[in-house]
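Notes to accompany the following structure.
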Amino acid sequence: MNIILLGPPGAGKGTQASRLEQQRGMVQLSTGDMLRAAVKAGSPVGLKAKAVMEAGELVSDAIVSGIIGERLDQLDGGGGAIFDGYPRTAPQADALDLLLSERGKTLDHVIELSVDEDALVDRITGRFTCAKCGEGYHDRYKQPATAGVCDVCAATEFKRRPDDNEETVRTRMAEYRAKTAPILPLYEARGLVSQVDGMADIDEVSRQIAAVLDRATQPA
Ligand code: AP5
């Protein structure tokens, strides 16, 4: 099963995609993670993407669809793909249809995480991760049990994303409203969209997503 998790910055796409990966054997394809890895490696894609990402704007359609195509070629069957942060524009949505059909695959479902934007600014500006294992924390909602020590791997270094300041988050939200939200009706017209309450707590959001996917995989 191939699904898209759609929602504005901070809606919980990454959180829920990594849970689905663990619980259902699906593979998370996060263009944000791929671009951050390219920036860190200093690759040609990373050099082009760095300033755009730090400004909260969108990287070019050709670049992101190119990296998604490469990753789809590396997928070996399994439980399918979770597209996290892709597609984000109408041309990316068209590109995804083409990339999937060229590989004999289909898009099976789109899950929209519906959220309140003001709460998201707080979610994003307060988050930080372990620099070693990537475990996620939050200034207010999830501090390590021992201050300054990662619960999972005991590392003592943490990091924050350079695009997680309030001004850039507002730009990312505006980009979402202008360029990404308009693709939802295209998927609704194909009967692919289910809405999940992204303001519920993380476990409840996971339960709602599981219920949607269970319904979608039941024989008619
Ligand atoms: P990307 O990395 O995709 O960032 P984003 O869409 O802005 O999403 P986030 O990662 O900020 O949020 P999320 O929805 O994954 O939420 P999370 O689970 O982390 O993209 C970054 C940049 O890369 C873009 O701005 C752009 O420049 C570029 N880019 C990427 N893809 C692109 C594309 N396709 N085209 C062009 N450019 C592209 O959760 C956030 C926080 O909230 C965490 O602290 C989490 O613990 C907490 N949280 C999650 N769920 C809940 C809940 N239910 N209740 C309480 N807290 C919660």
Side-chain angles (χ1 to χ4, degrees), residues 1-38 45 49 52-53 58-115 120 134 136 172-173 175-196 198 202 205-206 208-210 212-217:
M1 186 172 214
N2 300 304
I3 66 166
I4 295 172
L5 289 183
L6 201 69
K13 305 180 295 293
T15 302
Q16 297 299 332
S18 72
R19 285 180 164 211
L20 285 170
E21 201 170 45
Q22 287 158 19
Q23 292 162 1
R24 294 191 175 238
M26 301 173 81
V27 177
Q28 175 184 12
L29 297 181
S30 159
T31 40
D33 286 349
M34 292 173 205
L35 290 168
R36 278 185 287 280
V45 163
V52 180
M53 292 174 77
L58 293 186
V59 174
S60 84
D61 292 333
I63 287 181
V64 288
S65 294
I67 58 178
I68 281 287
E70 282 169 22
R71 290 299 290 271
L72 280 174
D73 287 335
Q74 294 158 8
L75 282 190
D76 44 343
I82 311 151
F83 296 98
D84 161 11
Y86 180 89
R88 264 178 150 98
T89 63
Q92 290 181 26
D94 289 342
L96 178 59
D97 283 338
L98 189 64
L99 289 167
L100 288 171
S101 75
E102 284 170 349
R103 290 159 181 79
K105 298 173 191 288
T106 51
L107 177 63
D108 300 295
H109 219 82
V110 177
I111 295 178
E112 181 198 3
L113 295 167
S114 59
V115 282
L120 297 190
R172 287 159 58 195
M173 301 276 183
E175 289 281 80
Y176 179 83
R177 280 194 300 273
K179 297 174 184 164
T180 309
I183 68 179
L184 252 179
L186 309 176
Y187 289 126
E188 277 164 352
R190 290 161 60 180
L192 291 176
V193 180
S194 295
Q195 226 181 39
V196 160
I202 293 176
V205 177
S206 299
Q208 288 188 26
I209 291 175
V212 166
L213 296 183
D214 289 344
R215 274 198 305 276
T217 48

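Hydrogens, waters and symmetry mates play no part in the numbers below; they use all other heavy atoms, side chains included.
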Sequence neighbours excluded, which residues qualify as salt bridge (charged side-chain N to carboxylate O under 4.0 Å, His left out) partners of Glu175?
-> Lys179
Is there a side-chain contact between Leu96 and Tyr86, using heavy atoms and a 4.5 Å cut-off?
-> yes
Any donor-acceptor pair under 3.5 Å linking the side chain of Thr31 with the backbone of Gly85?
-> yes
Between atom CG of Leu107 and atom CG of Leu99, what is the distance when rounded to the nearest 0.5 Å?
-> 12.0 Å
Rounded to the nearest 0.5 Å, what's the gap from CD1 on Ile4 to NE2 on His109? Could you check?
-> 11.0 Å
Hits for side-chain contact (heavy atoms from CB on, under 4.5 Å) against Ala11, two or more places apart or cross-chain, chain-then-number order -> Pro8, Leu113, Val115
For residues 1-21, pull every pair meeting salt bridge (Lys or Arg N to Asp or Glu O under 4.0 Å), keeping only residues two or more places apart or in separate chains.
-> Arg19-Asp203
Which heavy atom of Pro87 sits nearest a heavy atom of Ala93, and at what distance?
-> CB-N, 3.5 Å
Would you find a donor on one side and an acceptor on the other, under 3.5 Å apart, between the side chain of Ser114 and the backbone of Val196?
-> yes
Just jot down the side-chain contact (heavy atoms from CB on, under 4.5 Å) partners of Arg177, sequence neighbours excluded, or say none.
-> Glu117, Met173, Ala174
Excluding sequence neighbours, so at least two apart, what forms salt bridge (charged side-chain N to carboxylate O under 4.0 Å, His left out) with Asp97?
-> Arg190
For Arg71, the salt bridge (charged side-chain N to carboxylate O under 4.0 Å, His left out) test, sequence neighbours excluded, returns none
Minimum heavy-atom distance between Ala81 and Leu75, given as atom pair plus value | CB-CD1, 3.9 Å
Rounded distance [0.5 Å steps], CG in Leu29 versus CD1 in Ile3 = 11.0 Å
Considering non-hydrogen atoms only, spot the tightest contact between Gly14 and Asp84 and give its length.
-> CA-OD2, 3.4 Å
Got Leu120 and Tyr176 here, is their nearest side-chain heavy-atom distance under 4.5 Å?
-> no
Check whether any side-chain heavy atom of Arg103 lies under 4.5 Å from a side-chain heavy atom of Asp73, and answer yes or no.
-> yes
Thr106: partners by side-chain hydrogen bond (donor to acceptor under 3.5 Å, both in side chains), with sequence neighbours left out | Asp108
Who passes salt bridge (charged side-chain N to carboxylate O under 4.0 Å, His left out) against Arg88, sequence neighbours left out?
-> none
Taking every non-hydrogen atom, the tightest pair across Arg24 and Ala210 = NH2-O, 3.4 Å
So do the side chains of Met26 and Asn2 get within less than 4.5 Å of each other, counting heavy atoms only?
-> no
Applying side-chain contact (heavy atoms from CB on, under 4.5 Å) to Thr217 and not counting sequence neighbours gives Met1
Please collect all salt bridge (Lys or Arg N to Asp or Glu O under 4.0 Å) contacts where either partner lies in residues 61-70, sequence neighbours excluded, each pair once.
-> none
Working to the nearest 0.5 Å, report the span between CD1 of Ile68 and CG of Leu100.
-> 9.5 Å
Applying side chain to side chain contact (heavy atoms under 4.5 Å, CB included), run through Leu35 and Ile67 and close with a yes or a no.
-> CA-CA 9 Å; Leu35 290 168; Ile67 58 178; 4.0 Å; yes
For Arg36, all residues meeting side-chain contact (heavy atoms from CB on, under 4.5 Å), sequence neighbours excluded = Asp33, Met53, Arg161
side-chain hydrogen bond (donor to acceptor under 3.5 Å, both in side chains) filter on Gln23, not counting sequence neighbours, yields none
Do you know the tightest heavy-atom contact between Ile183 and Leu6?
-> CD1-CD1, 4.3 Å
Contact check, side chains of Ile82 and Gln16, non-hydrogen atoms, under 4.5 Å | no
Mind checking whether Leu213 and Leu20 have side chains closer than 4.5 Å, heavy atoms only?
-> yes
